[in-house]
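Chain letters run A, B, ... following the sequence lines, proteins first, then strands; residues in each count from 1.
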There are 2 protein chains.
Amino acid sequence: MVNSQRQLSNIFSALADPTRRRILERLSRLGQCRVTALAKPFRMSLPAISRHLRVLEEAKLVHRQKKGREHLITAEPETLKGAQQWIAQYVTYWESRFDAMDEILKRQTRKGSKS
Amino acid sequence: MVNSQRQLSNIFSALADPTRRRILERLSRLGQCRVTALAKPFRMSLPAISRHLRVLEEAKLVHRQKKGREHLITAEPETLKGAQQWIAQYVTYWESRFDAMDEILKRQTRKGSKS
DNA sequence: GACATATTTAATACATTTGTTAAATATCCT
DNA sequence: AGGATATTTAACAAATGTATTAAATATGTC
């Protein structure tokens with residue numbers, strides 16, 4: 001579970017960068033993947049990608065398994081799910097608030113059309 | 001709908017800051033709210049909050065309506081929903097991938113226990 | 001008009017992020 | 001051992017983000 005504000009901040013900052021989002025996208029298409037393979041389509045140095053991966057890893061959006069000299073990167077969907085839930089709490093709350101508002105407006109309209 | 005990568009980046013950066021998340025939380029409890037009222041519990045100058053609000057506004061997580069000298073701030077749940085959907089696409093994809101993996105592992109285990 | 005209130009903008013300082021290149025580390029291969 | 005491959009760490013520059021205080025702007029009230 002995503003608990004702390006700190007972790008939530010890490011997750012959202014990680015997702016805020018388009019390169020990191022593309023890495024996640026790529027990871028979802030390719031599945032477990034080596035660093036170099038992940039980095040391939042980016043017009044950016046390997047150290048830059050390495051750093052992005054560290055950010056994703058610190059946010060626990062990604063998990064690293066060392067196998068010899070290769071580092072195999074895997075997505076960690078549970079974390080993304082945590083962020084999703086954080087957001088969902090507000091969306092559902094606001095939706096219900098707006099639905100309630102709609103209801104009130106409808107009733108007022110009915111009353112209005114009666115008189 | 002949340003379309004561009006740019007907007008997605010804005011939304012996630014906006015959500016990455018704990019103060020801004022608290023502002024949204026407060027906004028969801030209080031509903032439409034004046035800037036000063038929103039800023040009340042924060043140990044931070046008003047200009048700082050003003051900036052945070054601008055960030056939220058640029059991300060379209062929040063909407064501003066000027067009424068005389070007061071600015072009334074409202075949450076914009078549609079945008080949050082957009083972010084939610086972006087995340088959902090990966091979560092569901094990964095879940096199905098993992099489910100498929102589980103299925104394969106189960107079958108292999110059955111085969112293994114037979115031989 | 002003069003003063004109070006609500007909010008933003010400007011100027012500035014400091015911290016963090018993001019990219020680059022060069023060097024270091026770890027592992028594999030012959 | 002020596003060389004090739006995979007990846008990270010270091011040093012640094014440029015851009016961005018966040019907070020502060022002081023001043024500006026817009027509106028309301030007597």
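Proximity of a side-chain donor or acceptor of Arg26(A) to a complementary backbone N or O of Ala39(A) within less than 3.5 Å is not detected. Although no hydrogens or angles enter the test, the distance criterion places no donor-acceptor pair under 3.5 Å between the side chain of Ser50(A) and the main chain of Leu46(A). Judged by distance alone, with hydrogens and angles left aside, the side-chain atoms of Arg20(A) form a donor-acceptor pair with the main-chain N or O of Ala14(A) at under 3.5 Å.
Remark: Ser45(B) is in phosphate contact with dT20(D), judged by side-chain N or O atoms under 4.0 Å from OP1 or OP2. Within the structure, every side-chain polar atom (N or O) of Arg43(A) is placed at least 4.0 Å from both OP1 and OP2 of dG19(C).
Rounded to an integer number of Å, the gap from Arg51(B) CZ to dA22(D) P is 18 Å. Taking atom CZ of Arg34(A) as the reference point, atom C1' of dT27(C) lies 12 Å away to the nearest angstrom. Summarising the geometry, the separation between CG on Leu53(B) and P on dT9(C) is reported as 12 Å, rounded to the nearest angstrom. Atom C1' of nucleotide dT21(D) and atom CG of Leu46(B) are separated by 13 Å, given to the nearest angstrom. What separates CE of Met44(B) from P of dT8(C) is a distance of 15 Å, to the nearest Å. When rounded to the nearest whole Å, the span between CG of Leu38(A) and C1' of dA6(D) equals 13 Å. One can place NE2 of His52(A) at 18 Å from P of dT16(C), the figure rounded to the nearest angstrom. The nearest whole Å value for the distance from the CD atom in Glu57(A) to the P atom in dT8(D) is 8 Å.
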Report summary line: Protein heavy-atom contacts under 4.0 Å, written 5' to 3' over nucleotides 23-30 of chain D as B (base), S (sugar-phosphate only) or - (none), form the string ----BS--
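Judged by closest nucleotide on DNA chain C, Arg54(B) is the one of Arg54(B) and Arg20(A) placed further toward the 5' end.
A continuous path of hydrophobic side-chain contacts links Ile23(B) to Met44(B) [ILVMFWY only; heavy atoms under 4.5 Å].
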